[in-house]
Amino acid sequence: MPPALASSRMSATPLSELTTLRLGGPAVLLVSIDSDDALLDAVRAADGDGEPLLLLAGGSNVVVADAGFSGTVVRVATRGVEGVRMADGRIRLDVAAGEDWDALVAACVADGLAGVEALSGIPGSVGATPIQNVGAYGQEVADVLIAVRALDRVRGELHDLETEECLFDYRSSVFKRDPGRWVVLGASFALEPTGISEPIRYAELAARLGVEVGERAPVGEVRDAVLALRRGKGMVLDPADPDTVSAGSFFTNPVLRARDFDAFAQRAAQRLGADARPPAWPVEPRAVKTSAAWLIERAGFHRGYGNPSGIAISTKHTLALTNRGAGTTTELVALAREIAAGVHEAFGVQLVPEPVFVGHSW
Ligand SMILES: Cc1cc2nc3c(=O)[nH]c(=O)nc-3n(C[C@H](O)[C@H](O)[C@H](O)COP(=O)(O)OP(=O)(O)OC[C@H]3O[C@@H](n4cnc5c(N)ncnc54)[C@H](O)[C@@H]3O)c2cc1C
């Protein structure tokens, strides 16, 4: 084991202390690493020994088993932000994986850099943002990401992946499709130094700002509006708010082939009446995205549903499953399966969890 690891060896801390759901048993070994070289050494050492490895940063998108993780957990704690003006006038930021995402967004907004303002209030690290192409309120990191520096654990090589190579999609990327293969060391973003936001694409945000969809607003106002909307839904971490003890949205919005969407819409009309039109956002010529929250509510699962001292749906947001204090991962997965089965029975649509399962599977 490299000295950098040996010196930071920790006892069997439950991973619940490192996850926003406050769930998860211990790992065999837990190390925190603050330099790229030590991170690469740690990963290569674990791979060389055939030791299972989990990279963990903010712990805001993981569901860790009650039994924990039977391997090494490496906490990514690298730091560093460097900015340079590009030939086209945009500002390029090269950011270490372990930097806090929302702190970066706050600093960008304070400096009048546009492109990430609608992504305010999302917990976790910069290095995790490309994994599921983090998005909210009409923006996603793929819009501004220009490169990801990563280790390919299969080939043992370092790569600078350009945006096209990241194969970004809705809550997905090359990194999410091939779990564990890539270690993200840093990400580079290109931002406009205009102080004015990208066109607002999300109706709820536009209404809050008092502008039309497609109009722009000062980035500081957009950040404030997004934070206010998110707080109202329990989507900004707050130790005083039990509705924020979650992994964010537990299910992704289903993307259906057009003919499957039509069958689902017919079924919804039969069940709920002809006026019950499911939300529909065309995403490709023959695919439609619909709302997981709509499905869950119409299948009969209301906010607060569940165990008021254990695992329950957030009282503010149908898509978030929360740990009200005495919950377990087993209970969380049981509730998630009950919801998914209820939605499938009612509408024939399969819900897919958004967070990454660790030490167990969906
Ligand atoms: C209250 C709340 C609100 C949220 N809102 C949103 C939202 O609006 N939009 C959205 O998209 N997400 C949202 N999320 C989910 C989550 O915040 C994001 O997915 C975030 O990017 C996860 O970052 P993290 O550092 O916590 O990742 P972790 O939970 O630590 O890890 C998540 C996954 O990424 C992997 N990973 C982490 N770091 C690296 C690395 N350096 N290299 C390779 N793999 C790595 C891990 O192994 C794991 O598989 C929300 C979560 C919460 C709790």
Side-chain angles (χ1 to χ4, degrees), residues 15 18-24 33 36 39-40 42-43 52-64 69 71-78 95-102 104-105 116 118-142 148-153 161 168 170-187 202 205 226-227 229-231 233-239 241-253 314 316-317 319-323 353-359:
L15 295 176
L18 306 175
T19 66
T20 54
L21 268 167
R22 299 184 199 154
L23 295 174
I33 290 184
D36 282 356
L39 182 54
L40 292 171
V43 172
L53 179 84
L54 169 69
L55 294 167
L56 192 67
S60 63
N61 209 26
V62 286
V63 179
V64 181
F69 179 68
T72 298
V73 171
V74 170
R75 285 208 85 194
V76 183
T78 51
V95 189
E99 286 284 343
D100 181 75
W101 171 254
D102 193 48
L104 179 75
V105 174
V116 288
L119 302 177
S120 292
I122 298 178
S125 63
V126 168
T129 59
I131 309 285
Q132 69 155 3
N133 182 19
V134 154
Y137 294 97
Q139 274 181 354
E140 45 186 34
V141 287
V148 174
R149 194 156 48 91
L151 170 73
D152 177 349
R153 288 168 68 196
L161 289 98
F168 286 124
Y170 165 63
R171 290 303 89 77
S172 183
S173 69
V174 72
F175 313 108
K176 185 135 183 183
R177 281 184 207 130
D178 207 346
R181 174 166 178 176
W182 299 93
V183 179
V184 175
L185 299 175
Y202 206 83
L205 176 58
V226 167
L227 287 175
L229 287 171
R230 293 183 67 97
R231 280 197 189 96
K233 297 175 187 175
M235 283 286 144
V236 178
L237 292 184
D238 177 355
D241 182 353
D243 281 323
T244 72
V245 184
S246 77
S249 299
F250 197 87
F251 297 105
T252 52
N253 287 323
S314 160
K316 300 190 182 79
H317 188 37
L319 263 189
L321 302 189
T322 58
N323 173 12
E354 184 183 301
V356 176
F357 281 50
V358 173

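Model, not experiment: these values are computed from the prediction. For ligands, and for the atoms within them, numbers begin at 1 and follow the listed sequence.
Looking at Pro123 next to ligand 1, an N or O pair under 3.5 Å apart turns up. Residue-to-ligand polar distances keep Thr244 apart from ligand 1: every N/O pair is separated by 3.5 Å or more. Every N/O-N/O distance between Asn133 and ligand 1 stays at or above 3.5 Å. Below 3.5 Å of separation, one finds an N or O of Ala57 facing an N or O of ligand 1. In terms of polar-atom proximity, Leu55 is counted as a contact of ligand 1, with an N or O under 3.5 Å from an N or O of the ligand. Between Val76 and ligand 1, a contact under 3.5 Å exists for no N or O pair. Note: an N/O pair closer than 3.5 Å links Ser125 and ligand 1 by distance alone.
Heavy-atom minimum distance, Val63 versus Leu21: CG2-CD1, 4.1 Å. Closest of all the heavy-atom pairs between Ala97 and Val76 is CB-CG1, 3.9 Å.
In this structure Tyr202 satisfies the side-chain contact (heavy atoms from CB on, under 4.5 Å) test together with Tyr137, Glu204, Leu205, sequence neighbours excluded. Evaluation of the side-chain contact (heavy atoms from CB on, under 4.5 Å) rule for Val236 yields Leu227, Arg230, Arg231 as partners, not counting sequence neighbours.
Arg230 counts as a contact of ligand 1, since one of its heavy atoms falls under 4.0 Å from the ligand. No heavy atom of Lys176 sits closer than 4.0 Å to any atom of ligand 1.
Here OG1 of Thr78 is found 7.5 Å from CD of Glu99. Values are rounded to the nearest 0.5 Å.
If you look at Ala247 next to ligand 1, the close heavy atoms, those under 4.0 Å, all belong to the backbone.
Within the listing of ligand 1, atoms 34 (O), 43 (C), 44 (N), 45 (C) sit less than 4.0 angstrom from a heavy atom of Ile131.
Scanning Arg153, Glu140, Glu99, Gln132 for the heavy atom closest to atom 18 (C) of ligand 1 points to Gln132. Compare Pro355, Gly59, Gly248 by their heavy atoms: the one nearest to atom 52 (C) of ligand 1 is in Gly248. Between Gly58, Gly135, Pro179, it is Gly135 that holds the heavy atom closest to atom 11 (O) of ligand 1.
In this structure, the side chains of Glu354 and Leu319 stay at 4.5 Å or more apart for every pair of heavy atoms.
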